[in-house]
Protein chains: 2
Amino acid sequence: MQTPRPQRPDPRANPIADDGSEVRFCSTCAFSGACVAAGYDKAHLRDLHVLVEHIGPFRAGEHIFRTHDPFRAIYAVRAGLVKTVAVDPEGNEQVLGFYLPGEVVGLNAIYPEHYPCDAVTLETAYFCRFSFPAISALAARMPGLQQQLFRLLSKELGMASLLAGDHAAEERVAAFVTDLGERLAAQGFSGTRLRLSMSRVDIANYLRLAAETVSRIFTRLRDQGLIALEGRDLEILDPPGLRALARNVRER
Amino acid sequence: MQTPRPQRPDPRANPIADDGSEVRFCSTCAFSGACVAAGYDKAHLRDLHVLVEHIGPFRAGEHIFRTHDPFRAIYAVRAGLVKTVAVDPEGNEQVLGFYLPGEVVGLNAIYPEHYPCDAVTLETAYFCRFSFPAISALAARMPGLQQQLFRLLSKELGMASLLAGDHAAEERVAAFVTDLGERLAAQGFSGTRLRLSMSRVDIANYLRLAAETVSRIFTRLRDQGLIALEGRDLEILDPPGLRALARNVRER
DNA sequence: AGGCGCAGTTGATCCAGGTCAGGAACCGAC
DNA sequence: GTCGGTTCCTGACCTGGATCAACTGCGCCT
(Lines give C-alpha, C1' and ligand atoms only; values in the text may rest on other atoms or scores of the structure.)
Protein backbone atom coordinates (compact mmCIF):
# COMPACT_ATOMS: atom_id res chain seq x y z
CA MET A 1 0.00 0.00 0.00
CA GLN A 2 2.59 2.57 1.07
CA THR A 3 5.02 3.83 -1.53
CA PRO A 4 8.13 4.09 0.62
CA ARG A 5 10.24 7.01 -0.37
CA PRO A 6 13.86 6.16 -1.09
CA GLN A 7 16.22 6.92 1.72
CA ARG A 8 19.94 7.11 1.59
CA PRO A 9 22.04 4.16 2.74
CA ASP A 10 23.03 4.21 6.37
CA PRO A 11 26.73 3.44 6.79
CA ARG A 12 26.20 1.96 10.24
CA ALA A 13 23.73 -0.65 9.06
CA ASN A 14 24.14 -3.81 7.02
CA PRO A 15 27.10 -5.84 8.11
CA ILE A 16 28.18 -7.72 5.02
CA ALA A 17 28.12 -11.46 5.42
CA ASP A 18 30.98 -12.23 3.10
CA ASP A 19 34.30 -10.74 2.19
CA GLY A 20 33.12 -9.69 -1.24
CA SER A 21 35.66 -11.83 -2.99
CA GLU A 22 34.40 -13.64 -6.06
CA VAL A 23 36.48 -16.70 -5.31
CA ARG A 24 35.94 -17.21 -1.61
CA PHE A 25 32.23 -16.52 -2.01
CA CYS A 26 29.90 -15.84 0.88
CA SER A 27 31.21 -17.96 3.71
CA THR A 28 27.80 -17.95 5.35
CA CYS A 29 25.86 -18.30 2.11
CA ALA A 30 22.94 -20.71 2.08
CA PHE A 31 24.71 -22.69 -0.61
CA SER A 32 28.19 -22.77 0.79
CA GLY A 33 27.36 -25.84 2.82
CA ALA A 34 26.41 -27.65 -0.36
CA CYS A 35 29.98 -27.43 -1.61
CA VAL A 36 32.14 -27.30 1.46
CA ALA A 37 30.39 -30.03 3.41
CA ALA A 38 30.35 -32.37 0.45
CA GLY A 39 34.04 -31.74 -0.20
CA TYR A 40 33.63 -30.35 -3.66
CA ASP A 41 36.68 -29.16 -5.46
CA LYS A 42 37.41 -25.73 -6.81
CA ALA A 43 35.95 -26.63 -10.20
CA HIS A 44 32.48 -27.17 -8.79
CA LEU A 45 32.73 -24.08 -6.67
CA ARG A 46 33.67 -22.20 -9.79
CA ASP A 47 30.53 -23.52 -11.49
CA LEU A 48 28.50 -22.01 -8.71
CA HIS A 49 30.37 -18.73 -9.01
CA VAL A 50 29.84 -18.55 -12.72
CA LEU A 51 26.10 -18.87 -12.48
CA VAL A 52 25.72 -16.46 -9.61
CA GLU A 53 25.25 -12.79 -10.23
CA HIS A 54 26.05 -10.31 -7.47
CA ILE A 55 23.44 -7.55 -7.51
CA GLY A 56 22.86 -4.49 -5.43
CA PRO A 57 22.86 -2.21 -3.64
CA PHE A 58 19.09 -1.92 -3.36
CA ARG A 59 17.94 0.88 -1.13
CA ALA A 60 15.21 0.42 1.47
CA GLY A 61 11.81 0.08 -0.16
CA GLU A 62 13.00 -1.20 -3.54
CA HIS A 63 11.51 -4.32 -5.09
CA ILE A 64 13.61 -7.36 -5.99
CA PHE A 65 10.66 -8.94 -7.74
CA ARG A 66 6.95 -8.40 -7.86
CA THR A 67 3.86 -10.59 -7.72
CA HIS A 68 3.12 -12.19 -11.11
CA ASP A 69 6.64 -11.61 -12.46
CA PRO A 70 7.72 -14.78 -14.24
CA PHE A 71 9.91 -16.94 -12.06
CA ARG A 72 13.49 -16.87 -13.27
CA ALA A 73 15.74 -16.82 -10.24
CA ILE A 74 16.13 -17.27 -6.53
CA TYR A 75 18.00 -14.70 -4.45
CA ALA A 76 20.37 -15.25 -1.56
CA VAL A 77 20.61 -12.23 0.73
CA ARG A 78 24.22 -11.10 1.02
CA ALA A 79 23.52 -8.11 3.24
CA GLY A 80 20.48 -6.21 4.42
CA LEU A 81 16.95 -7.35 5.12
CA VAL A 82 14.06 -8.28 2.84
CA LYS A 83 10.39 -8.99 3.39
CA THR A 84 8.07 -10.90 1.10
CA VAL A 85 4.49 -9.67 0.89
CA ALA A 86 1.44 -11.23 -0.74
CA VAL A 87 -1.51 -9.04 -1.65
CA ASP A 88 -5.00 -10.50 -1.92
CA PRO A 89 -7.65 -9.20 -4.35
CA GLU A 90 -9.08 -6.82 -1.75
CA GLY A 91 -5.68 -5.24 -1.26
CA ASN A 92 -4.94 -6.79 2.12
CA GLU A 93 -1.24 -7.34 2.50
CA GLN A 94 0.27 -10.33 4.25
CA VAL A 95 3.93 -10.40 5.10
CA LEU A 96 5.09 -13.94 4.37
CA GLY A 97 8.58 -13.70 5.74
CA PHE A 98 11.68 -11.72 6.61
CA TYR A 99 15.00 -12.82 5.16
CA LEU A 100 18.38 -12.24 6.74
CA PRO A 101 21.84 -12.41 5.21
CA GLY A 102 22.58 -15.97 4.16
CA GLU A 103 18.92 -16.83 3.56
CA VAL A 104 17.17 -17.45 0.26
CA VAL A 105 14.14 -15.66 -1.21
CA GLY A 106 11.89 -16.84 -4.01
CA LEU A 107 11.53 -20.57 -3.46
CA ASN A 108 7.75 -20.33 -3.23
CA ALA A 109 7.68 -19.30 -6.91
CA ILE A 110 8.88 -22.64 -8.27
CA TYR A 111 5.50 -24.29 -8.41
CA PRO A 112 3.35 -21.45 -9.70
CA GLU A 113 6.21 -20.41 -12.03
CA HIS A 114 5.40 -16.81 -11.15
CA TYR A 115 6.38 -15.05 -7.96
CA PRO A 116 3.35 -15.23 -5.67
CA CYS A 117 4.52 -12.22 -3.66
CA ASP A 118 6.58 -9.05 -3.76
CA ALA A 119 10.08 -9.01 -2.29
CA VAL A 120 10.91 -5.61 -0.80
CA THR A 121 14.15 -4.54 0.83
CA LEU A 122 13.85 -3.01 4.29
CA GLU A 123 17.41 -1.72 4.44
CA THR A 124 20.11 -1.30 1.87
CA ALA A 125 20.67 -4.80 0.59
CA TYR A 126 22.85 -6.89 -1.68
CA PHE A 127 22.00 -10.22 -3.24
CA CYS A 128 23.35 -13.18 -5.10
CA ARG A 129 21.01 -13.94 -7.95
CA PHE A 130 20.86 -17.57 -9.07
CA SER A 131 19.14 -18.33 -12.35
CA PHE A 132 16.82 -21.15 -11.35
CA PRO A 133 17.15 -23.22 -14.54
CA ALA A 134 20.93 -22.95 -14.20
CA ILE A 135 21.10 -23.83 -10.53
CA SER A 136 18.74 -26.77 -10.86
CA ALA A 137 20.77 -28.06 -13.83
CA LEU A 138 23.89 -27.76 -11.71
CA ALA A 139 22.08 -29.47 -8.85
CA ALA A 140 21.64 -32.53 -11.05
CA ARG A 141 25.46 -32.78 -11.27
CA MET A 142 26.04 -31.83 -7.64
CA PRO A 143 24.04 -33.99 -5.26
CA GLY A 144 25.10 -31.81 -2.35
CA LEU A 145 23.54 -28.79 -4.00
CA GLN A 146 20.37 -30.68 -4.85
CA GLN A 147 20.15 -31.80 -1.25
CA GLN A 148 20.69 -28.24 -0.10
CA LEU A 149 17.84 -26.98 -2.27
CA PHE A 150 15.55 -29.68 -0.92
CA ARG A 151 16.54 -28.72 2.60
CA LEU A 152 15.94 -25.02 2.02
CA LEU A 153 12.48 -25.71 0.63
CA SER A 154 11.63 -28.07 3.44
CA LYS A 155 12.90 -25.60 6.05
CA GLU A 156 10.77 -22.84 4.59
CA LEU A 157 7.83 -25.22 4.71
CA GLY A 158 8.45 -25.78 8.42
CA MET A 159 8.55 -22.03 9.03
CA ALA A 160 5.26 -21.53 7.22
CA SER A 161 3.62 -24.27 9.30
CA LEU A 162 4.77 -22.60 12.50
CA LEU A 163 3.25 -19.33 11.37
CA ALA A 164 0.05 -21.16 10.49
CA GLY A 165 -0.35 -22.60 13.98
CA ASP A 166 -2.93 -20.95 16.21
CA HIS A 167 -1.05 -19.36 19.02
CA ALA A 168 -1.72 -16.54 21.43
CA ALA A 169 -0.37 -13.13 20.57
CA GLU A 170 2.28 -13.24 23.29
CA GLU A 171 3.55 -16.63 22.13
CA ARG A 172 3.81 -15.35 18.59
CA VAL A 173 5.80 -12.26 19.52
CA ALA A 174 8.11 -14.22 21.82
CA ALA A 175 8.69 -16.81 19.11
CA PHE A 176 9.35 -14.10 16.56
CA VAL A 177 12.01 -12.44 18.67
CA THR A 178 13.62 -15.73 19.70
CA ASP A 179 13.66 -16.95 16.13
CA LEU A 180 15.21 -13.75 14.82
CA GLY A 181 17.93 -13.95 17.44
CA GLU A 182 18.71 -17.55 16.59
CA ARG A 183 18.81 -16.90 12.88
CA LEU A 184 21.13 -13.94 13.36
CA ALA A 185 23.33 -16.03 15.61
CA ALA A 186 23.41 -18.74 12.95
CA GLN A 187 24.79 -16.15 10.53
CA GLY A 188 27.47 -15.08 12.96
CA PHE A 189 25.79 -11.97 14.31
CA SER A 190 24.82 -11.36 17.90
CA GLY A 191 21.84 -13.40 18.90
CA THR A 192 20.86 -11.15 21.77
CA ARG A 193 21.41 -7.58 20.61
CA LEU A 194 19.64 -6.88 17.38
CA ARG A 195 17.95 -4.25 15.33
CA LEU A 196 14.35 -4.66 14.18
CA SER A 197 14.73 -2.98 10.81
CA MET A 198 11.15 -3.72 9.92
CA SER A 199 8.34 -1.48 11.19
CA ARG A 200 5.95 -2.54 13.93
CA VAL A 201 3.26 -2.69 11.26
CA ASP A 202 5.31 -5.21 9.28
CA ILE A 203 5.96 -7.30 12.37
CA ALA A 204 2.29 -7.24 13.28
CA ASN A 205 1.23 -8.14 9.77
CA TYR A 206 3.71 -11.00 9.65
CA LEU A 207 2.42 -12.34 12.98
CA ARG A 208 -1.22 -11.82 11.92
CA LEU A 209 -1.79 -9.37 14.77
CA ALA A 210 -2.71 -5.70 14.98
CA ALA A 211 0.18 -3.28 15.35
CA GLU A 212 -1.32 -2.10 18.62
CA THR A 213 -1.22 -5.62 20.01
CA VAL A 214 2.44 -6.03 19.09
CA SER A 215 3.22 -2.73 20.74
CA ARG A 216 1.41 -3.70 23.92
CA ILE A 217 3.13 -7.06 24.07
CA PHE A 218 6.54 -5.51 23.59
CA THR A 219 5.94 -3.24 26.56
CA ARG A 220 4.65 -6.18 28.56
CA LEU A 221 7.78 -8.22 27.78
CA ARG A 222 9.87 -5.22 28.73
CA ASP A 223 7.99 -4.80 32.03
CA GLN A 224 8.66 -8.46 32.74
CA GLY A 225 12.35 -7.86 32.18
CA LEU A 226 12.60 -10.30 29.30
CA ILE A 227 13.73 -7.75 26.74
CA ALA A 228 15.09 -4.23 26.53
CA LEU A 229 13.67 -2.25 23.68
CA GLU A 230 14.35 1.28 22.56
CA GLY A 231 12.85 2.18 19.24
CA ARG A 232 14.03 -0.55 16.92
CA ASP A 233 17.01 -1.64 19.00
CA LEU A 234 16.24 -4.79 20.89
CA GLU A 235 18.16 -6.72 23.48
CA ILE A 236 17.07 -10.11 24.67
CA LEU A 237 17.73 -10.03 28.41
CA ASP A 238 16.36 -13.42 29.33
CA PRO A 239 16.66 -15.84 26.38
CA PRO A 240 15.41 -18.88 28.32
CA GLY A 241 12.45 -16.93 29.66
CA LEU A 242 11.51 -15.79 26.21
CA ARG A 243 12.01 -19.25 24.80
CA ALA A 244 9.68 -20.60 27.47
CA LEU A 245 6.93 -18.27 26.27
CA ALA A 246 7.58 -19.32 22.69
CA ARG A 247 7.79 -22.99 23.54
CA ASN A 248 4.49 -24.05 22.04
CA VAL A 249 5.11 -22.23 18.80
CA ARG A 250 8.53 -23.66 18.17
CA GLU A 251 8.88 -27.10 19.66
CA ARG A 252 7.07 -30.07 18.33
CA MET B 1 -5.00 -37.48 21.83
CA GLN B 2 -7.70 -39.95 20.84
CA THR B 3 -6.61 -43.52 20.18
CA PRO B 4 -8.95 -44.33 17.31
CA ARG B 5 -10.11 -47.89 17.39
CA PRO B 6 -9.53 -49.82 14.20
CA GLN B 7 -12.57 -50.14 12.02
CA ARG B 8 -13.07 -52.51 9.18
CA PRO B 9 -12.55 -51.33 5.62
CA ASP B 10 -15.61 -49.94 3.93
CA PRO B 11 -15.98 -51.45 0.46
CA ARG B 12 -17.86 -48.39 -0.79
CA ALA B 13 -15.06 -45.99 0.07
CA ASN B 14 -11.61 -45.48 -1.38
CA PRO B 15 -11.70 -45.44 -5.12
CA ILE B 16 -8.25 -46.57 -6.17
CA ALA B 17 -6.39 -44.05 -8.24
CA ASP B 18 -4.45 -46.50 -10.36
CA ASP B 19 -4.99 -49.83 -11.97
CA GLY B 20 -2.73 -51.61 -9.53
CA SER B 21 -0.40 -52.78 -12.25
CA GLU B 22 3.28 -52.60 -11.39
CA VAL B 23 4.18 -51.60 -14.91
CA ARG B 24 1.57 -49.02 -15.78
CA PHE B 25 2.00 -47.43 -12.35
CA CYS B 26 -0.38 -44.92 -10.87
CA SER B 27 -1.61 -42.89 -13.78
CA THR B 28 -2.49 -40.02 -11.48
CA CYS B 29 0.56 -40.38 -9.27
CA ALA B 30 2.37 -37.24 -8.23
CA PHE B 31 5.45 -38.49 -10.01
CA SER B 32 3.92 -39.76 -13.20
CA GLY B 33 4.19 -36.29 -14.70
CA ALA B 34 7.91 -36.36 -14.12
CA CYS B 35 8.30 -39.25 -16.52
CA VAL B 36 5.50 -38.94 -19.00
CA ALA B 37 5.72 -35.21 -19.55
CA ALA B 38 9.47 -35.32 -20.00
CA GLY B 39 9.17 -38.22 -22.43
CA TYR B 40 11.20 -40.67 -20.46
CA ASP B 41 11.59 -44.15 -21.77
CA LYS B 42 10.60 -47.41 -20.16
CA ALA B 43 14.02 -47.82 -18.58
CA HIS B 44 13.64 -44.72 -16.47
CA LEU B 45 10.10 -45.61 -15.58
CA ARG B 46 11.37 -48.97 -14.48
CA ASP B 47 13.92 -47.24 -12.22
CA LEU B 48 11.07 -45.47 -10.52
CA HIS B 49 9.15 -48.72 -10.18
CA VAL B 50 12.09 -50.49 -8.67
CA LEU B 51 12.55 -47.98 -5.92
CA VAL B 52 8.87 -47.70 -5.09
CA GLU B 53 7.29 -49.99 -2.55
CA HIS B 54 3.55 -50.49 -2.59
CA ILE B 55 2.28 -50.64 0.99
CA GLY B 56 -1.10 -51.04 2.57
CA PRO B 57 -3.87 -51.46 3.32
CA PHE B 58 -3.78 -49.30 6.41
CA ARG B 59 -7.05 -49.10 8.26
CA ALA B 60 -8.52 -45.84 9.52
CA GLY B 61 -6.57 -44.52 12.47
CA GLU B 62 -3.27 -46.24 11.72
CA HIS B 63 -0.01 -44.31 11.63
CA ILE B 64 2.22 -44.19 8.56
CA PHE B 65 4.92 -42.45 10.51
CA ARG B 66 5.20 -40.63 13.82
CA THR B 67 6.76 -37.42 15.06
CA HIS B 68 10.50 -37.82 15.69
CA ASP B 69 10.80 -40.98 13.54
CA PRO B 70 13.95 -40.64 11.45
CA PHE B 71 13.16 -39.45 7.94
CA ARG B 72 13.62 -42.25 5.44
CA ALA B 73 10.89 -41.97 2.86
CA ILE B 74 8.10 -39.94 1.34
CA TYR B 75 4.71 -41.48 0.67
CA ALA B 76 2.40 -41.00 -2.28
CA VAL B 77 -1.23 -41.74 -1.46
CA ARG B 78 -2.60 -44.39 -3.80
CA ALA B 79 -6.02 -44.59 -2.21
CA GLY B 80 -7.69 -43.33 0.93
CA LEU B 81 -7.12 -40.19 2.95
CA VAL B 82 -4.38 -39.14 5.37
CA LYS B 83 -3.93 -36.28 7.77
CA THR B 84 -0.68 -34.98 9.19
CA VAL B 85 -0.77 -33.74 12.78
CA ALA B 86 1.84 -31.89 14.81
CA VAL B 87 1.65 -31.98 18.59
CA ASP B 88 3.16 -29.21 20.69
CA PRO B 89 4.69 -29.76 24.14
CA GLU B 90 1.40 -28.97 25.87
CA GLY B 91 -0.35 -31.65 23.88
CA ASN B 92 -2.24 -29.32 21.57
CA GLU B 93 -2.68 -30.93 18.20
CA GLN B 94 -2.51 -29.06 14.92
CA VAL B 95 -3.63 -30.71 11.72
CA LEU B 96 -1.13 -29.65 9.08
CA GLY B 97 -2.83 -31.10 6.06
CA PHE B 98 -5.07 -33.65 4.41
CA TYR B 99 -3.70 -35.71 1.56
CA LEU B 100 -5.75 -37.20 -1.25
CA PRO B 101 -4.85 -39.95 -3.70
CA GLY B 102 -2.03 -38.78 -5.95
CA GLU B 103 -0.58 -36.44 -3.33
CA VAL B 104 2.64 -36.81 -1.39
CA VAL B 105 3.17 -36.88 2.39
CA GLY B 106 6.39 -36.36 4.29
CA LEU B 107 8.18 -33.58 2.42
CA ASN B 108 8.34 -31.39 5.51
CA ALA B 109 10.70 -33.94 7.09
CA ILE B 110 13.59 -33.36 4.68
CA TYR B 111 15.10 -30.45 6.53
CA PRO B 112 14.76 -31.60 10.13
CA GLU B 113 15.64 -35.17 9.01
CA HIS B 114 12.94 -36.40 11.37
CA TYR B 115 9.23 -36.33 10.70
CA PRO B 116 7.87 -33.21 12.42
CA CYS B 117 4.37 -34.66 12.59
CA ASP B 118 2.32 -37.84 12.67
CA ALA B 119 0.67 -39.13 9.52
CA VAL B 120 -2.61 -40.88 10.28
CA THR B 121 -4.97 -42.54 7.84
CA LEU B 122 -8.60 -41.45 7.99
CA GLU B 123 -9.93 -44.22 5.80
CA THR B 124 -8.46 -47.46 4.55
CA ALA B 125 -5.46 -46.34 2.54
CA TYR B 126 -2.71 -47.59 0.27
CA PHE B 127 0.60 -45.89 -0.44
CA CYS B 128 3.65 -45.89 -2.61
CA ARG B 129 6.67 -45.58 -0.39
CA PHE B 130 9.73 -43.90 -1.94
CA SER B 131 13.01 -44.17 -0.11
CA PHE B 132 14.17 -40.56 -0.05
CA PRO B 133 17.89 -41.23 -0.57
CA ALA B 134 16.97 -43.42 -3.53
CA ILE B 135 14.52 -41.01 -5.12
CA SER B 136 16.82 -38.04 -4.73
CA ALA B 137 19.69 -40.03 -6.26
CA LEU B 138 17.42 -40.90 -9.16
CA ALA B 139 16.37 -37.27 -9.40
CA ALA B 140 19.97 -36.35 -10.10
CA ARG B 141 19.81 -38.54 -13.22
CA MET B 142 16.26 -37.51 -14.14
CA PRO B 143 15.90 -33.74 -14.31
CA GLY B 144 12.15 -34.12 -14.77
CA LEU B 145 11.89 -35.93 -11.46
CA GLN B 146 14.08 -33.39 -9.71
CA GLN B 147 11.88 -30.64 -11.10
CA GLN B 148 8.80 -32.50 -9.93
CA LEU B 149 10.16 -32.76 -6.39
CA PHE B 150 10.96 -29.06 -6.37
CA ARG B 151 7.45 -28.34 -7.59
CA LEU B 152 5.83 -30.54 -4.95
CA LEU B 153 7.79 -28.83 -2.20
CA SER B 154 7.03 -25.39 -3.53
CA LYS B 155 3.33 -26.23 -3.92
CA GLU B 156 3.16 -27.45 -0.34
CA LEU B 157 4.84 -24.22 0.71
CA GLY B 158 2.14 -22.24 -1.06
CA MET B 159 -0.58 -24.25 0.71
CA ALA B 160 1.00 -23.60 4.08
CA SER B 161 1.15 -19.86 3.37
CA LEU B 162 -2.54 -19.83 2.51
CA LEU B 163 -3.34 -21.52 5.78
CA ALA B 164 -1.15 -19.02 7.60
CA GLY B 165 -3.05 -16.04 6.22
CA ASP B 166 -5.47 -14.31 8.55
CA HIS B 167 -8.90 -14.89 7.17
CA ALA B 168 -12.40 -14.90 8.58
CA ALA B 169 -13.88 -18.24 9.59
CA GLU B 170 -16.34 -18.26 6.68
CA GLU B 171 -13.60 -17.58 4.15
CA ARG B 172 -11.54 -20.41 5.58
CA VAL B 173 -14.33 -22.95 5.41
CA ALA B 174 -15.34 -21.90 1.90
CA ALA B 175 -11.73 -22.12 0.76
CA PHE B 176 -11.35 -25.52 2.37
CA VAL B 177 -14.36 -26.95 0.59
CA THR B 178 -13.48 -25.36 -2.74
CA ASP B 179 -9.91 -26.56 -2.50
CA LEU B 180 -10.93 -30.12 -1.66
CA GLY B 181 -13.27 -30.17 -4.63
CA GLU B 182 -10.60 -28.91 -6.99
CA ARG B 183 -8.00 -31.35 -5.75
CA LEU B 184 -10.43 -34.26 -6.10
CA ALA B 185 -11.31 -33.07 -9.58
CA ALA B 186 -7.59 -32.90 -10.42
CA GLN B 187 -7.34 -36.57 -9.49
CA GLY B 188 -10.27 -37.51 -11.68
CA PHE B 189 -12.95 -37.67 -9.00
CA SER B 190 -16.07 -35.56 -8.85
CA GLY B 191 -15.27 -32.02 -7.83
CA THR B 192 -18.78 -31.29 -6.58
CA ARG B 193 -19.98 -34.40 -4.77
CA LEU B 194 -17.57 -35.52 -2.13
CA ARG B 195 -17.26 -37.22 1.20
CA LEU B 196 -15.61 -35.47 4.13
CA SER B 197 -13.94 -38.50 5.62
CA MET B 198 -12.32 -36.41 8.32
CA SER B 199 -14.29 -35.45 11.43
CA ARG B 200 -15.56 -31.92 12.04
CA VAL B 201 -12.99 -31.68 14.80
CA ASP B 202 -10.19 -32.42 12.34
CA ILE B 203 -11.52 -29.89 9.85
CA ALA B 204 -11.81 -27.26 12.57
CA ASN B 205 -8.34 -27.99 13.87
CA TYR B 206 -6.90 -27.78 10.37
CA LEU B 207 -8.62 -24.42 9.80
CA ARG B 208 -7.60 -23.16 13.25
CA LEU B 209 -11.24 -22.77 14.29
CA ALA B 210 -13.42 -24.31 16.96
CA ALA B 211 -15.48 -27.30 15.88
CA GLU B 212 -18.62 -25.38 16.84
CA THR B 213 -17.68 -22.56 14.47
CA VAL B 214 -17.19 -24.97 11.58
CA SER B 215 -20.53 -26.55 12.33
CA ARG B 216 -22.29 -23.20 12.41
CA ILE B 217 -20.69 -22.10 9.16
CA PHE B 218 -21.64 -25.31 7.40
CA THR B 219 -25.26 -24.73 8.35
CA ARG B 220 -25.00 -21.12 7.24
CA LEU B 221 -23.56 -22.15 3.86
CA ARG B 222 -26.37 -24.68 3.55
CA ASP B 223 -29.00 -22.08 4.42
CA GLN B 224 -27.54 -19.86 1.71
CA GLY B 225 -27.93 -22.70 -0.76
CA LEU B 226 -24.21 -22.90 -1.52
CA ILE B 227 -23.79 -26.49 -0.38
CA ALA B 228 -25.85 -29.53 0.52
CA LEU B 229 -24.54 -31.42 3.48
CA GLU B 230 -25.79 -34.56 5.15
CA GLY B 231 -23.45 -36.00 7.70
CA ARG B 232 -20.16 -36.28 5.89
CA ASP B 233 -21.58 -36.26 2.39
CA LEU B 234 -21.15 -32.89 0.78
CA GLU B 235 -22.37 -31.47 -2.48
CA ILE B 236 -21.20 -28.14 -3.75
CA LEU B 237 -24.33 -26.58 -5.23
CA ASP B 238 -22.90 -23.22 -6.23
CA PRO B 239 -19.18 -23.52 -6.98
CA PRO B 240 -18.78 -19.90 -8.15
CA GLY B 241 -20.61 -18.62 -5.10
CA LEU B 242 -18.39 -20.61 -2.81
CA ARG B 243 -15.30 -19.57 -4.72
CA ALA B 244 -16.35 -15.94 -4.29
CA LEU B 245 -16.39 -16.38 -0.52
CA ALA B 246 -12.99 -18.04 -0.66
CA ARG B 247 -11.55 -15.46 -3.03
CA ASN B 248 -9.30 -13.69 -0.56
CA VAL B 249 -7.84 -16.89 0.77
CA ARG B 250 -6.94 -18.37 -2.56
CA GLU B 251 -6.16 -15.68 -5.08
CA ARG B 252 -3.14 -13.53 -4.85
C1' DA C 1 12.18 27.94 15.26
C1' DG C 2 7.93 26.09 13.90
C1' DG C 3 5.16 22.79 11.47
C1' DC C 4 4.21 18.66 9.11
C1' DG C 5 4.15 13.64 8.76
C1' DC C 6 5.08 9.31 10.18
C1' DA C 7 6.05 5.58 13.70
C1' DG C 8 4.94 4.04 17.90
C1' DT C 9 2.37 3.84 22.27
C1' DT C 10 -1.68 3.82 25.21
C1' DG C 11 -6.51 3.81 26.56
C1' DA C 12 -11.56 2.75 25.64
C1' DT C 13 -14.73 0.09 23.27
C1' DC C 14 -16.38 -3.68 20.29
C1' DC C 15 -17.05 -8.11 18.22
C1' DA C 16 -15.75 -12.65 15.91
C1' DG C 17 -15.03 -16.59 17.38
C1' DG C 18 -13.95 -19.48 21.53
C1' DT C 19 -15.86 -21.89 25.50
C1' DC C 20 -19.36 -24.12 28.03
C1' DA C 21 -23.54 -26.69 28.32
C1' DG C 22 -27.28 -29.32 26.50
C1' DG C 23 -29.41 -32.22 23.39
C1' DA C 24 -30.28 -35.12 19.17
C1' DA C 25 -28.90 -38.74 16.07
C1' DC C 26 -26.32 -42.63 15.22
C1' DC C 27 -23.84 -46.18 16.03
C1' DG C 28 -21.96 -51.03 17.94
C1' DA C 29 -22.12 -54.22 21.97
C1' DC C 30 -24.64 -57.16 24.66
C1' DG D 1 -34.46 -53.91 22.80
C1' DT D 2 -31.34 -50.65 25.95
C1' DC D 3 -27.07 -48.95 27.17
C1' DG D 4 -22.83 -46.32 26.58
C1' DG D 5 -19.99 -43.90 23.48
C1' DT D 6 -19.22 -40.82 19.89
C1' DT D 7 -20.21 -37.13 16.59
C1' DC D 8 -22.53 -33.28 15.41
C1' DC D 9 -25.50 -29.32 16.12
C1' DT D 10 -27.24 -25.28 18.66
C1' DG D 11 -27.89 -21.77 22.14
C1' DA D 12 -25.92 -18.60 25.87
C1' DC D 13 -22.11 -16.43 27.45
C1' DC D 14 -17.22 -14.73 27.65
C1' DT D 15 -12.81 -12.98 26.11
C1' DG D 16 -8.54 -11.97 23.37
C1' DG D 17 -7.39 -9.25 20.23
C1' DA D 18 -9.19 -5.86 16.68
C1' DT D 19 -10.69 -1.32 16.06
C1' DC D 20 -11.10 3.46 17.00
C1' DA D 21 -9.19 7.48 18.91
C1' DA D 22 -5.89 10.35 21.11
C1' DC D 23 -1.44 11.53 22.17
C1' DT D 24 3.83 11.55 22.04
C1' DG D 25 8.23 11.95 20.07
C1' DC D 26 11.18 12.35 16.38
C1' DG D 27 13.14 13.44 11.78
C1' DC D 28 12.77 16.48 8.08
C1' DC D 29 11.43 20.43 5.69
C1' DT D 30 11.27 25.39 5.01
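To find a chain, count down the sequence lines: A is the first, B the second, and so on, and within it residues start at 1.
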Between NE2 of A/His167 and C1' of C/dG17 the distance, given in whole Å, is 18 Å
Separation of C/dG18 atom C1' from B/Asn92 atom CG, nearest Å, is 14 Å
| request: Would you tell me if any nitrogen or oxygen in the side chain of A/Arg232 comes within less than 4.0 Å of OP1 or OP2 on C/dG8? | output: yes
Note: B/Ser154 and A/Ile110 closest approach over all heavy atoms is OG-N, 3.3 Å
Here the distance between atom P of C/dT9 and atom CG of A/Asp223, to the nearest Å, is 12 Å
Between CG of B/Asn205 and C1' of D/dC8 the distance, given in whole Å, is 16 Å
Result for 5'-nearest mapping on DNA chain C, choosing between B/Ala211 and A/Val201, is A/Val201
| Where the side chain of A/Arg78 meets the backbone of A/Ala76, is there a donor-acceptor pair that is under 3.5 Å apart? | no
Separation of D/dT10 atom P from B/Arg220 atom CZ, nearest Å, is 12 Å
To the nearest angstrom, the CG-C1' distance between B/Asp202 and D/dT6 comes to 14 Å
Looking only at D/dC8, C/dG17, D/dG11, the nucleotide nearest the B/Ser215 side chain is D/dC8
Using only modelled atom types and a 3.5 angstrom limit, is any donor from either the side chain of B/Arg208 or the base of C/dG18 paired with an acceptor on the other?
no
**Prompt:** Does a nitrogen or oxygen in the side chain of A/Thr219 sit under 4.0 Å from OP1 or OP2 of C/dT10?
**Reply:** yes
When rounded to whole Å, the CD1 to C1' distance for the pair A/Ile217 and C/dT10 reads 14 Å
Next on the checklist: Which label fits A/Tyr75 and A/Phe127: parallel for a plane angle under 30°, tilted from 30 to 60°, or perpendicular past 60°?
Outcome noted: perpendicular
Task: hbond_proxy A/Glu212 side chain to D/dC20 base (donor-acceptor, 3.5 Å cutoff) - done: yes
note: A/Ile203, atom CD1; C/dT9, atom P; distance rounded to Å ~ 9 Å
Side chain to side chain contact (heavy atoms under 4.5 Å, CB included) with A/Arg222: of A/Leu229, A/Leu237, A/Leu234, only one passes, and it is A/Leu229
#### Entry: A/Thr213 side chain near D/dA18 phosphate (N/O to OP1/OP2, under 4.0 Å)
yes
Exercise. Tell me whether the centres of the aromatic rings in B/Phe71 and B/Phe65 are closer together than 6.0 Å.
Key: no
Picking from D/dG17, C/dG17, D/dT10, the nucleotide nearest the side-chain atoms of A/Ala169 would be D/dG17
Result for 5'-nearest mapping on DNA chain C, choosing between A/Asp166 and A/Met198, is A/Met198
Handout entry: Polar pair under 3.5 Å, donor/acceptor by atom type, side chain B/Arg216, base C/dT19
Key = yes
